[in-house]
Structures are given as C-alpha cells and as structure tokens.
Amino acid sequence: MLHKIEEGLDLLAKNWRIEPIIRDFVLGKRNDASDHQMKVKDVIFHIPYLTMENGYVLWKCYWPDCHNCCNRQGRLPLTSDDLITISKNLKYRKVSDFVNTETNITTWDEKGPSGNSVIMTMINLKRTETETEAEDGTYIRCRFLDEKGYCGLHPSRPGVCYLYPFSSWLENEKGKPRVHATYQFTGDCPGFYFAESIDEMMDILIQYSKIIYDYTMSSNRTTRENFGSLSMGF
Ligand code: SF4
Ligand code: SF4
C-alpha cells in the first residue's frame with residue numbers, strides 16, 4: 001500500500017508542490033503526529049497535529065484546476081440512496097436493471113479506525129463501461145469525468161465522491177451513534193498542507209460535517225438494508 005501512495009505522490013509532484021512535511025507525514029516518516037479531535041456540528045474530526053512543528057495537517061480542494069481523485073479512482077462504492085438517484089439520472093426505469101448493467105459487487109479489505117482489518121462488500125459503480133470485478137482497487141479514470149474536469153453525474157454523483165478525501169465511521173457514544181471522520185491519504189490529492197492554526201479550515205469543516213454525517217448515516221442504512229456488508233477482523 002505504501003509504495004502505491006509513494007507512486008501517487010511522485011506523480012502529483014510533477015504538477016503540484018507537495019510540502020516536504022506533508023510528504024514525510026503521508027509516508028509515515030514522522031514520529032511526532034498526534035490525533036487532534038474536534039467536534040464540528042454532528043461530526044468529530046480527527047486532524048493530525050505535528051508536535052515538533054506545532055501545527056496541523058489541513059486540506060483544501062483545488063477543483064476545477066485539479067480532478068485527480070476522478071482521474072485515479074480506486075473504486076466507487078454506492079449507498080442505497082446512490083442506487084436510487086444515480087439509476088434515475090442514467091434513465092433506468094428499474095434499479096435492478098441499473099445494478100445489473102452499471103455496477104459490480106466487490107469485496108475488499110481496508111484498515112479500520114484503530115488499525116483493525118474491515119472486510120467490506122459493496123455494490124460499486126463501474127468506472128468504465130467494461131470494468132470487471134478483477135479491476136477493483138486499480139486506478140482508473142472515471143468515465144463520467146469530462147474534458148473540462150466536470151462530473152457528468154453531478155449533482156447525483158456517488159456519496160463517496162462528495163466525501164473524498166475524508167473517510168468516516170460510527171462509534172457508540174453512550175448508546176447513541178456518533179460520526180467520526182479523518183482524512184484518507186491515498187497520495188492522489190494535492191490539497192493537503194501544513195498550517196499553525198486550524199482556524200483557516202473551519203468553513204470547510206462546517207461544510208463537510210453535513211456531507212460526512214449524511215453519507216455515514218446513508219452508508220450505515222445500506223448495510224442494514226443488506227445492499228452491502230462489513231465485518232471486523234482483529
Ligand atoms: S479533493 Fe484533492 S484530488 Fe480531488 S479535486 Fe480536490 S484537490 Fe484534487
Ligand atoms: S462519479 Fe463524478 S465525482 Fe465521482 S469519480 Fe466519477 S467523475 Fe469524479
């Protein structure tokens with residue numbers, strides 16, 4: 001995995017300035033990173049804090065100058081809400097026809113919030129019309145990305161596209177579900193930067209707290225409705 005991230009960062013560096021602090025952090029070469037937690041509306045964000053630098057890893061999006069996350073997509077898992085909105089957008093009369101034609105069902109292993117292994121099975125939107133299950137997890141340019149960097153499915157693009165570059169999970173807090181979020185570092189996003197104050201990212205955190213909360217709840221409903229599943233390994 002680390003070599004894929006390094007490969008991604010090397011490709012990024014051809015067009016974008018990646019701060020050395022950020023590169024080292026993403027590649028796990030810093031030992032001063034701690035987890036700064038802050039609650040913004042209904043989400044607890046985990047923002048990396050670098051103690052020796054006395055500052056944070058922050059993020060902003062460079063779209064439309066950048067659309068790297070659509071150029072190098074690993075997979076597009078769909079929530080049950082996505083199945084309805086995207087099938088309508090693509091003019092399918094029945095969701096089952098959309099699922100049969102436009103998606104693959106795949107299973108993969110990803111790291112959970114505490115480093116544990118989580119086996120995910122989800123319905124994924126095909127990134128090319130001919131994508132096979134064997135291509136899951138490989139980097140493919142998404143077929144809905146147009147030449148100007150716009151998404152042909154917008155605004156009904158998959159929830160996971162809105163979520164990037166965050167990832168989220170639910171924890172039980174005194175019997176109630178609490179949404180947590182952190183960044184996913186795939187090596188494909190030039191938007192990460194170092195800053196001494198988190199204040200400059202507050203508007204983004206407020207905006208994303210709703211996106212992340214809605215996506216996480218929708219994703220949770222998807223597994224409850226048996227359109228996907230996850231199992232924990234330890
Ligand atoms: S999220 Fe990152 S990779 Fe995607 S468009 Fe924004 S800056 Fe580019
Ligand atoms: S569906 Fe749209 S937003 Fe998502 S990867 Fe494809 S082009 Fe990008």
Side-chain angles (χ1 to χ4, degrees), residues 1-38 40 43-77 108-118 120 127 135-142 145 149 151 160-169 180-205 207-209 211-212 215:
M1 182 65 192
L2 206 56
H3 78 274
K4 275 192 173 177
I5 296 175
E6 190 163 17
E7 194 181 285
L9 286 170
D10 288 344
L11 280 172
L12 264 191
K14 290 181 180 171
N15 296 309
W16 300 91
R17 182 177 174 270
I18 311 297
E19 293 170 70
I21 292 177
I22 296 297
R23 184 183 168 92
D24 285 352
F25 168 74
V26 171
L27 292 176
K29 291 181 180 171
R30 293 196 66 105
N31 56 14
D32 63 336
S34 63
D35 178 27
H36 176 79
Q37 297 188 22
M38 61 186 295
V40 180
V43 174
I44 296 183
F45 284 91
H46 296 248
I47 305 289
Y49 178 74
L50 303 178
T51 52
M52 280 161 60
E53 311 289 343
N54 203 15
Y56 303 87
V57 176
L58 303 186
W59 170 81
K60 63 183 168 199
C61 184
Y62 288 111
W63 187 89
D65 294 328
C66 171
H67 31 82
N68 214 34
C69 45
C70 307
N71 261 333
R72 279 171 56 84
Q73 253 305 331
R75 66 174 64 86
L76 291 170
W108 70 96
D109 190 350
E110 65 181 49
K111 274 229 165 86
S114 51
N116 54 314
S117 162
V118 181
M120 309 280 300
R127 297 158 296 163
E135 289 174 292
D136 177 61
T138 60
Y139 294 114
I140 294 179
R141 180 187 162 99
C142 177
L145 177 66
C151 171
V160 72
C161 301
Y162 281 99
L163 189 74
Y164 188 86
F166 291 94
S167 65
S168 65
W169 67 96
H180 290 249
T182 192
Y183 305 125
Q184 44 173 312
F185 293 104
T186 59
D188 300 314
C189 177
F192 295 106
Y193 66 102
F194 173 80
E196 288 179 0
S197 167
I198 216 163
D199 292 351
E200 60 193 87
M201 199 182 152
M202 275 315 293
D203 286 349
I204 293 175
L205 292 175
Q207 180 198 350
Y208 269 78
S209 61
I211 293 170
I212 290 168
Y215 174 80

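For the numbers below, each heavy atom of this structure counts, side chains included, while hydrogens, waters and symmetry mates do not. The chain is numbered in sequence order, starting from 1.
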Open item on the list: Quick one, Asp65 and Trp16 - any side-chain contact, counting heavy atoms below 4.5 Å?
Closed with: yes
- [ ] Mind telling me whether Phe166 and Tyr208 have parallel, tilted or perpendicular rings, with 30° and 60° as the class edges?
- [x] tilted
- [ ] Would you indicate whether Glu196, at its atom CD, is surrounded by more than 12 heavy atoms from other residues, nucleotides or ligands within a distance under 6.0 Å?
- [x] no
Task: From CA spacing to verdict: side-chain contact (heavy atoms from CB on, under 4.5 Å), Gln73, Ile140 - done: CA-CA 5 Å; Gln73 253 305 331; Ile140 294 179; 5.7 Å; no
- [ ] Would you please indicate if the ring centroids of Tyr215 and Tyr162 are separated by under 6.0 Å?
- [x] no
Task: Ring centers of Phe25, Phe192 separated by less than 6.0 Å - done: no
Task: Non-hydrogen side-chain atoms of Thr186 and Lys4 separated by less than 4.5 Å - done: no
Open item on the list: For Asp10, is there an ion pair with Arg23 - N to carboxylate O distance below 4.0 angstrom?
Closed with: yes
Task: Check: Trp59 and Ile204 side chains under 4.5 Å, non-hydrogen atoms - done: yes
- [ ] Check for a donor-acceptor pair, side chain of Arg127 on one end and backbone N or O of Tyr139 on the other, with a separation under 3.5 Å.
- [x] no
TODO: Please answer whether the main-chain N or O of Val57 pairs with a side-chain N or O of Tyr183 as donor and acceptor at a distance below 3.5 Å.
DONE: yes
Open item on the list: Quick one about Tyr49 and Asn54 (side-chain donor to acceptor, distance below 3.5 Å, no hydrogens or angles considered), yes or no?
Closed with: yes
- [ ] Determine the interplanar angle of the Tyr56 and His36 rings, folded into 0 to 90°, and report it as parallel if under 30°, tilted if 30 to 60°, perpendicular if over 60°.
- [x] perpendicular
Open item on the list: When you measure from the side chain of Ser209 to the backbone of Val43, do you find a donor-acceptor pair of N or O atoms at a distance under 3.5 Å?
Closed with: no
TODO: Give a yes or no answer on whether the side chain of Thr182 reaches the backbone of His46 with a donor-acceptor pair at less than 3.5 Å.
DONE: yes
Open item on the list: Any carboxylate oxygen within less than 4.0 angstrom of a Lys/Arg side-chain nitrogen, looking at Glu53 and Arg30?
Closed with: yes
- [ ] Indicate the atoms forming the closest heavy-atom contact of Gly8 with Asp188, along with that distance.
- [x] CA-OD1, 4.1 Å
Open item on the list: So for atom CG, which belongs to Asp109, do other residues, nucleotides or ligands contribute more than 12 heavy atoms lying within a distance under 6.0 Å?
Closed with: yes
